[in-house]
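What follows is one structure encoded as structure tokens, with my remarks underneath.
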Amino acid sequence: MAGPGSELPSGPVAPMLLSWLTGLGAGMVFLSFMQKLLYPYFWDDFWYLLKVVHCGLRLEMYRLKGELVTVLDKFLMHVRKQPQKPFIIYEGDIYTYQDVDKRSSRVAHVFLNHSTLKRGDTVALLMSNEPDFIHVWFGLAKLGCVVAFLNSNIRYVSLLHCIRSCEPRALVVGADLLETIEEILPSLPADISVWAMKESVPQGIISLKEKLSTASDSQVPHSHHAASNLKTPYLYIFTSGTTGLPKAAVICQLQAMKSSAGLWAFGCTSNDIIYISLPLYHSAGSLLGIGGCIELGATCVLKKKFSASQFWNDCKKYNVTVFQYIGELCRYLCKQPKREGEKNHRVRLAVGNGIRSDVWREFLDRFGNIKMCELYGATEGNICFMNHTGKIGSVGRANFLHKLFFAFDLIKYDFQKDEPIRNEHSWCSRVKKDGKGKILQPQRLPILLECWISYRTQMSMVWLYQEKMETTGTFKLQKFRLVEEGFSPLKISDPLYFMDKLKKSYIPLTKEIYDQIVLGKIKL
């Protein structure tokens, strides 16, 4: 028999409770409907933001404990935990975490015993994608040196400019790029020692490969590279040089740690096999790619150079699950002749930037349900936007939750005049949805947000024709070279055409017509 305190609601209370629960349920359904209608990505954004906060809290916990953990420290942790796990697969050869650790320690001992390098010194690195790029990078990092990644595609003046600007104490060059350094060897500062990853080297160059054969692979004392401050320089990574000579971006230890969390934030795990064919001298390949593998404890398939014809064969051969891309890379894959079984692979996710919406759709239709994680960032920037939802056409992603933790604004900008568009009170204006402009963030230089930039001379569609546009190692247009050439027929070997208003057709642009345009005798 029920006691006096256990009576069920009766009378008017029961209908009231039922009505309240019904109203609550209806309200929940309505709110859910409105959320999906007005903010369909709310929960995706919420869980992604939790990941970002978790990453920040983890770094803060390290700091409070007095443990300033760097990317190198993370790598050494994996060496202890999983020494025999493959870290790099290169041209069929497997390099375990322990292999890379020992080889990089050999590099460190060579410089300890045969050079005057000390903690904080800068060493320039000119190498193609190969395991020794990582061995030298990590070996120098074990000594506390700052490594400057040199673009392996630049020559002469640009290369000399990069070397001089970072003021290195030493320069390490790969065997296949030795001739590039020989061309500028007499012009290098006298206090730079040049080391080559080759047995037989010309006079004035030291053979690093020869000395590695007898060097110790014992652990380098932690005191050599222990970080005293995460804001200290770790790498110098040069910009692509699309608008002038390359400029060195200073990458501190903290920025490298944040970049290494990118693959994890997109959902990669330690079980993933990540295909990297982007150049390691670029931040995408080194910080996001190699650093991301280290953060996860994953395996990297390293390619010397991107090959559209070999890409899918490599993915199938090595069971690749994730790959990095630049937008043009995906377009090149779509241009390849169609084959049977193109969706027969294990790739589930791709991380990169610069893919056009039409190429994006074509890529998915042809190669299967691969989540494309498009991001926007810059080597010299301090903010990144990541399209973690896979929405086609979105270059990164920003939302009100994102702004709670990262202060920024996108302002209207006149790209021809290279200045902000201001209102009648001289204030900048925010860009509306689907507009383009310039990103501003407190205390740092503004970063120009451009997905696609076309160059036009001030003399307006004179028509410039080139069969192939000059690009950087990451497929960016060499806009600076176009600006220098202008539309002079003396500087451009390709055919140039001029719209003759009288004839109402294009005619060849001769030197005589060019001179008349420059003198203002012919108006456009």
Side-chain angles (χ1 to χ4, degrees), residues 70-72 75 88 100 104 107 111 117 120-155 158-178 180-181 184 188 192 194-197 208 232-242 245-253 255-257 259-260 262 276-294 300 302-306 324 326 377-381 472-476:
T70 65
V71 173
L72 178 61
F75 168 73
I88 301 170
V100 175
S104 60
V107 172
F111 286 105
L117 284 179
D121 284 344
T122 299
V123 180
L125 178 59
L126 180 66
M127 296 184 77
S128 304
N129 279 20
E130 55 183 296
D132 276 338
F133 184 109
I134 299 167
H135 297 148
V136 175
W137 168 14
F138 287 8
L140 292 168
K142 287 181 177 181
L143 299 182
C145 291
V146 182
V147 184
F149 293 163
L150 299 178
N151 187 327
S152 57
N153 293 307
I154 60 175
R155 300 288 185 273
S158 294
L159 182 56
L160 271 173
H161 163 77
C162 293
I163 294 173
R164 288 170 178 166
S165 66
C166 63
E167 299 181 338
R169 293 285 309 281
L171 166 64
V172 181
V173 58
D176 59 332
L177 294 169
L178 187 54
T180 303
I181 290 299
I184 62 170
L188 289 176
I192 296 179
V194 182
W195 303 69
M197 194 61 75
L208 176 57
T232 56
Y234 172 53
L235 298 171
Y236 294 137
I237 296 183
F238 286 85
T239 59
S240 300
T242 56
L245 290 172
K247 297 166 282 294
V250 181
I251 308 297
C252 66
Q253 298 280 3
Q255 190 173 351
M257 282 291 289
S259 298
S260 69
I276 302 176
S277 59
L278 303 182
L280 293 182
Y281 62 74
H282 192 268
S283 56
S286 54
L287 298 181
L288 183 63
I290 298 298
C293 287
I294 290 172
C300 159
L302 182 64
K303 189 74 173 176
K304 189 176 185 69
K305 192 175 182 180
F306 169 71
Q324 282 189 277
I326 296 292
T379 304
E380 64 274 33
T472 67
T474 49
F475 313 116
K476 296 178 181 176

With sequence neighbours excluded, tell me which residues meet ring pair (Phe, Tyr, Trp, His ring centres under 6.0 Å) with Phe133. Phe149

Which atom pairs, one a donor and one an acceptor, fall under 3.5 Å between side chains of residues 166-174 and the rest of the protein, sequence neighbours left out?
unit_1: Arg169; atom_1: NH1; unit_2: Asp121; atom_2: OD2; d: 3.0
unit_1: Arg169; atom_1: NH2; unit_2: Thr116; atom_2: OG1; d: 2.7

Would you please name every residue forming a side chain to side chain donor-acceptor pair (under 3.5 Å) with Tyr234, sequence neighbours left out? Trp137

Name all residues meeting the salt bridge (charged side-chain N to carboxylate O under 4.0 Å, His left out) criterion together with Lys304; count only those two or more places apart in sequence or in a different chain, and write none if there are none. Asp176

What's the separation between atom CD1 in Ile181 and atom CD1 in Ile163, rounded to the nearest 0.5 Å? 4.5 Å

Residues in side chain to side chain donor-acceptor pair (under 3.5 Å) contact with Thr70, at least two apart in sequence or another chain: Asp73

Answer yes or no: is there a donor N or O on one side and an acceptor on the other, between the side chain of Gln324 and the main chain of Ala284, under 3.5 Å? yes

Just by modelled atom types, is the Met257 backbone N or O under 3.5 Å from a matching donor or acceptor in the Ser260 side chain? yes

So, using side-chain contact (heavy atoms from CB on, under 4.5 Å) as the criterion, who are the partners of Val100 when residues are at least two apart? Phe75, Phe87, Ile88, Tyr95, Ile134, His135, Phe138

Output yes when a side-chain donor or acceptor of Asn129 lies under 3.5 Å from a complementary backbone atom of Lys305, and no otherwise. no

Would you please name every residue forming a side chain to side chain donor-acceptor pair (under 3.5 Å) with Ser104, sequence neighbours left out? Lys142

Test of understanding: with side-chain contact (heavy atoms from CB on, under 4.5 Å), list the residues that count as partners of Ala175, not counting sequence neighbours. Lys198

